[in-house]
Amino acid sequence: MTVNSSSASQGSSALPRPTPIKRRKTAPKRTAFSILLSCCIFLFILCACLVAALVLIGKHLSKNPDVYHALGMTTSTSASKGRNILGNSGRGADGSPRLLRLPRDVVPIHYDLYLYPSVISNGFRGRVNITLTIIKTRSDIVLHSKNLSIHSADLVYYNRSKAIAVQNIREDDEDEVIYVVPRMRLVPGMYFLNIAFSGNTLNKTIGLYNSVYYDKETKQKRSIATTKFEPTYARQAFPCFDEPNMKATYTFHVLKPRSDPSYIALSNMPVESEEEVEDGILVNFKESVKMSTYLASIIVCDFNYTETTFGSENKPLRVYATPAQIGKTEFAKWVAKGVIEYFTDYFNIPYPLPKLDMIAIPDFVSGAMEHWGLVTYRETALLYDNTTSSTINKQRVATVVAHELTHSWFGNLVTTDWWNDLWLNEGFASYIEYKGVNAVLPEWQMLTQFLIMDLHPVLSTDAKLSSHPIIQTVNTPDEITAIFDSISYNKGASVLRMLEDTVGQEKFRKGITNFLNAHKWGTAVSQDLWNQLQEIVGDSLNITSFMDSWTVQMGYPIVTVKVKDDNYILTQKRFLTDPDAVSDTSSPYGYKWSIPITYITSEESAPKRVWFNHTNENITIPIPSGATWVKFNYNQVGYYRINYNRDLWDSLTRNFNSLTVADQTHLLEESFSIAEANLLDYSIPLNLTKQLQSETEYIPWTVASKKLRMLKTYLTDSLQYSKFLEYAVDIVTPAYRKLTWNESSSDTHLEKRARATILSLACAMGHTGCLAEAKKRFQEWLANSTEVNLSQDLKSTIYNYGIESATAEEWEKMFQIFANELDAGEKLRLMSGLASIKETWLLKKLLVLAEDETYVRSQDYFTLLSYISSNSVGTALVWDYVRENWEALANRFTLNNRYLGTLIPSITNTFSTTTKLNEMRTFFEQHPNAGAGARYRTQALETVQNNIKWLERNKETVEKWLGNYQKTQS
């Protein structure tokens, strides 16, 4: 729509105008006639030349529209259609070119932003004064804006008092931009662009929105105003140049209520002053450092905080939460202080801001967000209490805090130039977070836990044709949102871990520091990092050639080891869960990789390294004299799979207990995954699980639990199903007996996690003693929930298995406890329990009740659907519900919500029939616009196809093994 600036400005007079910047006085006029005449002649000649040049350029550009991208120019039709032809791919609904990137010839320098959020109503208003530079003559200024009402806009020359009349403001909803069109062309120079606007905060968890919590003291709902801008949501709070490489400084002025003195205002920088204004108290913040729009943040809340300091400068560190939960901030504060000081030393670069605030937001769509200096978290990712929270909650708080604080350097100080290289932000944070937590809590073995937390999940995702390269071209907001996935995070972290192991820890660290120093306050691409590392390693390794094979092509290799004479012969090919699948996507490396192969043997405990270049057909490694076994990919540091012949696998099985925990974990996950791909006899991984009968280590048991549960799903309709359960119970019983339900104050972190994992697995496999104990404890708690204190680590097992055969009255009673619970972590555990009931009609009731945000916040809605769908009697129920209510879900959450996209593979991941596969295809045909979920639909289809093939290829083999299995436990 077109808005007339003169009429629209009437509704914005109450907004304070930014403090004017002092301007230089113009020079006195020259009076000499000769000088004036000379200037006129010169200008006439110059204009004539420019006109002639523009005519020639125009003729050329009319034939070569892509050239506009390089010049940052608009065509004569762009203003009338509200579009800018920049050579970007994509077409709008009317067939005209999409504006996927802003022109490069308008650069923001500073935002002076006044925001008037309301903690009572569902709206906000504001005014922004943007200092910007125009590099080339333009007929308009294009910037981002979405779901905002633009009331007025005016332009002022930086060094003149005269305003430039604005003809109109043209909005383009599809491209999420506005065009500020002046009455005259804008010549190169600096300008002030002032825009008055307003927006709403209703039914949102992105941009600027309201979050609500219940105050137990006053028994009233309290509201706060908060923000979430990554990746493309700042434009929903104020008009801006919402791209990561358009960094600028910010001065925020934020209104807080006058009537309630408990409210405070927070932003990236410290408060500079406060002043009384007509509608409340205006809080003025200090000017920020240079940063991207997605890192900006403001919050108006009535929270309390705990405080400490960090570093040699004793910078303030505060953790904010609702008043009732302020006692749960101590652990996060302690972790934050430890890891921020570790990172300062590791990067050898001081923390860049004068303060660090962290805050737990009741309604938050992501786990956390690294808004610079004001890091925002879900309550479950920041709050911990040793009397009400579980060990897994504690570990999540530590890892999420470490992840977000890593971004102070990777992502904030140095930002990805465009979202194609998102992994530079998220892959680094996902890896370095483990170093941070390991520095303060080494007994948690986080560097080994990396295998089960990051590496193994992404190996599964990346073994499908529906994967994508780490460096992925993205343009639209939906494409940008979708790339925030396990490839950018987990695979990015995994290949960095492999790179560090290859070049050495100290060279890796020094290369990172040099990279950060070279690009601080600016942006970078992947090649910039490779260049810095190359300078460190010299000629010993071509970093670009090595890492490009992992970042610009999707997938990863499986290396097959064969014995010939006295040598190991290694070959490689792409690993796919369906080895018969044919990719329709080419690769510049032909799906070959440069692999740093590591290995140990019975005779050599120190790992050796050899290179398997992507250009080699195979490599040969001499077998060490006297070696009885060999283990490749030491501690699974490499991002590849290893398959052996039967004799080598059997030798590793016999020597399982001689290996490190990481190598044991690797063998379990690897053997099952290769068998799933029909490249290994299933007897090998099944035989390996027998080794766990003398094992209580948490990390390998996590892999066993996941794989055994998956087999249970595959074999549900098998005639050998009862024999499988007997085998699984037989395997888990020794660990179950050793760990028991009885906890001790001397239990370590990993012992607590092992107990929770093994007891849950035992109950899942039908261990009669486990199920009986879970039901007994559940009923005792339900009879008197305020007096019976269940173990925080075992609550999920007790809720999930204790309720399975509960009555409707017992379920209703549990639901009321859930409805009244205020602790976010406990609420999720209760939700999971409610979703575990085996009565379909109660699950239907839960689905209906969940539509009311009084019971289930929007941030937890998809989690609940996932919980219900993981219940064997709830899978079809949720699938039908989602299909029937898809339009309503899309309207509520928008197709840009990646969690809506991931819902489909979450629901359908156990489907294993062509009937279900056809249902999915029909549904996708009926709703072709997937938004940010397009790739997830492809993944979902591929997963179901693989499930069908698994049954065809492997079911009979597993059944045969089970038929021969002899029970060992009495």
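No hydrogens, no waters, no symmetry mates; every other heavy atom, side chains included, goes into these values.
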Say whether, by atom type as modelled, one donor and one acceptor occur between the side chain of W550 and the main chain of G492 under 3.5 angstrom.
-> no
Go through the steps for T523 and N245 under the test side-chain hydrogen bond (donor to acceptor under 3.5 Å, both in side chains), then give the verdict.
-> CA-CA 6 Å; T523 61; N245 56 15; 5.8 Å; no
Can you tell if the side chain of F515 reaches within under 4.5 Å of the side chain of W409, non-hydrogen atoms only?
-> no
Side chains of T551 and W530: does their closest heavy-atom pair fall under 4.5 Å?
-> yes
side-chain hydrogen bond (donor to acceptor under 3.5 Å, both in side chains) partner of R755, the single match among T696, D747, T797 = D747
Got F410 and Y431 here, is their nearest side-chain heavy-atom distance under 4.5 Å?
-> no
Mind listing the closest non-hydrogen atom pair of T226 and S211 along with its distance?
-> CG2-CB, 4.4 Å
Calculate, to the nearest 0.5 Å, the distance between atoms CG and NE2 belonging to L266 and H371 respectively.
-> 13.0 Å
State whether the side chain of N420 and the backbone N or O of V474 hold a donor-acceptor pair below 3.5 Å, judged by distance alone.
-> yes
When you measure from the side chain of Q859 to the backbone N and O of F364, does any donor-acceptor pair fall under 3.5 Å?
-> yes
Side chains of S288 and T249: do they bring a donor and an acceptor to under 3.5 Å?
-> no
Flag the pair N542 / Q534 as yes when at least one side-chain heavy-atom distance between them is below 4.5 Å, and no otherwise.
-> yes
Distance-only, no hydrogens or angles: does the N393 side chain make a donor-acceptor pair with backbone N or O of S390 under 3.5 Å?
-> yes
Between K491 and Q553, what is the shortest heavy-atom contact and its length?
-> NZ-O, 3.8 Å
Indicate whether the side chain of N531 and that of Q527 have a donor and an acceptor atom separated by less than 3.5 Å.
-> yes
Indicate yes or no: does E341 engage K337 in a salt bridge with an N to O separation below 4.0 Å.
-> yes
Ring centre gap for Y599 and F632 strictly below 6.0 Å | yes
E426 and S488: side-chain hydrogen bond (donor to acceptor under 3.5 Å, both in side chains), yes or no, with the steps?
-> CA-CA 6 Å; E426 299 300 348; S488 297; over 6 Å; no
Can D363 and R857 be counted as an ion pair, charged N to O under 4.0 angstrom?
-> yes
Under the side chain to side chain contact (heavy atoms under 4.5 Å, CB included) rule, what do L759 and L794 come out as? Steps first, then yes or no, please.
-> CA-CA 8 Å; L759 266 59; L794 302 181; 4.0 Å; yes
What do you reckon, is NZ of K290 surrounded by more than 12 foreign heavy atoms closer than 6.0 Å?
-> no
When you look at NZ of K510, are more than 12 heavy atoms from neighbouring residues, nucleotides or ligands closer to it than 6.0 Å?
-> no
Is it true that a side-chain atom of D345 and a backbone atom of Y342 form a donor plus acceptor pair closer than 3.5 Å?
-> no
Counting N and O atoms only, with roles assigned by atom type, does the side chain of N635 sit under 3.5 Å from a partner on the main chain of A662, one being a donor and the other an acceptor?
-> no
For the residue pair Y320 and Y305, is the inter-centroid distance of their aromatic rings smaller than 6.0 Å?
-> yes
Any side-chain donor paired with an acceptor under 3.5 Å for S705 and T757?
-> no
Judged by modelled atom types alone, do H403 and E370 share a side-chain donor-acceptor pair under 3.5 Å?
-> no
With distance as the sole criterion, is a donor-acceptor pair present between the side chains of N490 and S430 under 3.5 Å?
-> no
What orientation do F428 and F508 show, parallel under 30°, tilted 30 to 60°, or perpendicular over 60°?
-> parallel
Between Y639 and Y556, how do the two ring planes meet: parallel, tilted or perpendicular, split at 30° and 60°?
-> perpendicular
Return yes if a side-chain donor-acceptor contact under 3.5 Å exists between E433 and T406, otherwise no.
-> no
Is D663 salt-bridged to K631, going by a charged N under 4.0 Å from an acidic O?
-> yes
Just do the side chain to side chain contact (heavy atoms under 4.5 Å, CB included) check on N268 and F285 with the steps written out, would you?
-> CA-CA 8 Å; N268 305 84; F285 293 90; over 6 Å; no
Before giving the answer on salt bridge (charged side-chain N to carboxylate O under 4.0 Å, His left out), spell out for D454 and R497 the whole-Å C-alpha distance, their side-chain angles and the decisive distance to 0.1 Å.
-> CA-CA 11 Å; D454 273 49; R497 177 172 172 259; over 6 Å; no
Taking C-beta and beyond as the side chain, do S906 and Y936 meet within less than 4.5 Å on heavy atoms?
-> no
Show the numbers, then the answer: is there a side chain to side chain contact (heavy atoms under 4.5 Å, CB included) between F229 and T293?
-> CA-CA 7 Å; F229 289 165; T293 49; over 6 Å; no
Have D462 and S467 got a donor and an acceptor in their side chains that come within less than 3.5 Å?
-> yes
Do you know which two heavy atoms are closest between S408 and W372, and how far apart they sit?
-> O-CZ2, 3.6 Å
Between the side chain of K355 and the main-chain N/O of G373, is any donor-acceptor distance below 3.5 Å?
-> yes
Does a side-chain N-to-carboxylate-O contact under 4.0 Å join R641 and E669?
-> yes
Exercise: identify the closest heavy-atom pair between T232 and D242 = C-OD2, 3.4 Å
M453 vs Y434 side-chain heavy atoms within contact, under 4.5 Å = yes
What one should report as the nearest heavy-atom pair of Q664 and P700 is OE1-CG, 4.4 Å
For the residue pair V458 and S494, what are the closest heavy atoms and their distance?
-> CG1-OG, 4.3 Å
Side-chain donor-acceptor pair under 3.5 Å between K247 and T415, yes or no?
-> yes
About how many Å separate CG of L208 and CD1 of I298, when rounded to the nearest 0.5 Å?
-> 5.0 Å
Indicate yes or no: does D860 engage R378 in a salt bridge with an N to O separation below 4.0 Å.
-> yes
Please indicate whether I392 has more than 12 foreign heavy atoms, meaning atoms of other residues, nucleotides or ligands, lying under 6.0 Å from its CD1.
-> no
May I ask you to decide if Y351's main-chain N or O and K315's side chain share a donor-acceptor pair within less than 3.5 Å?
-> yes
Please examine the side chains of T502 and F546, heavy atoms only from C-beta on, and report whether any two atoms are closer than 4.5 Å.
-> yes
Could you tell me whether R935 and D485 have a side-chain N and a carboxylate O separated by less than 4.0 Å?
-> no
Can a donor-acceptor pair be found between the side chains of E500 and Q505 at a distance below 3.5 Å?
-> no
Is the closest side-chain heavy-atom distance between I361 and I299 below 4.5 Å?
-> yes
Between the side chain of E330 and the main-chain N/O of D385, is any donor-acceptor distance below 3.5 Å?
-> no
Side-chain donor-acceptor pair present, Q449, Q395, cut-off under 3.5 Å = yes
Indicate yes or no: does K333 engage E307 in a salt bridge with an N to O separation below 4.0 Å.
-> no
NZ/NE/NH1/NH2 to OD/OE distance under 4.0 Å, R609 and D501 = yes
Will you find, in the side chains of Y698 and Q445, an N or O donor that is under 3.5 Å from an N or O acceptor?
-> no
Does T513 reach the main-chain N or O of R509 with its side chain, forming a donor-acceptor pair under 3.5 Å?
-> yes
So, D793 versus T391: side-chain donor-acceptor pair below 3.5 Å or not?
-> yes
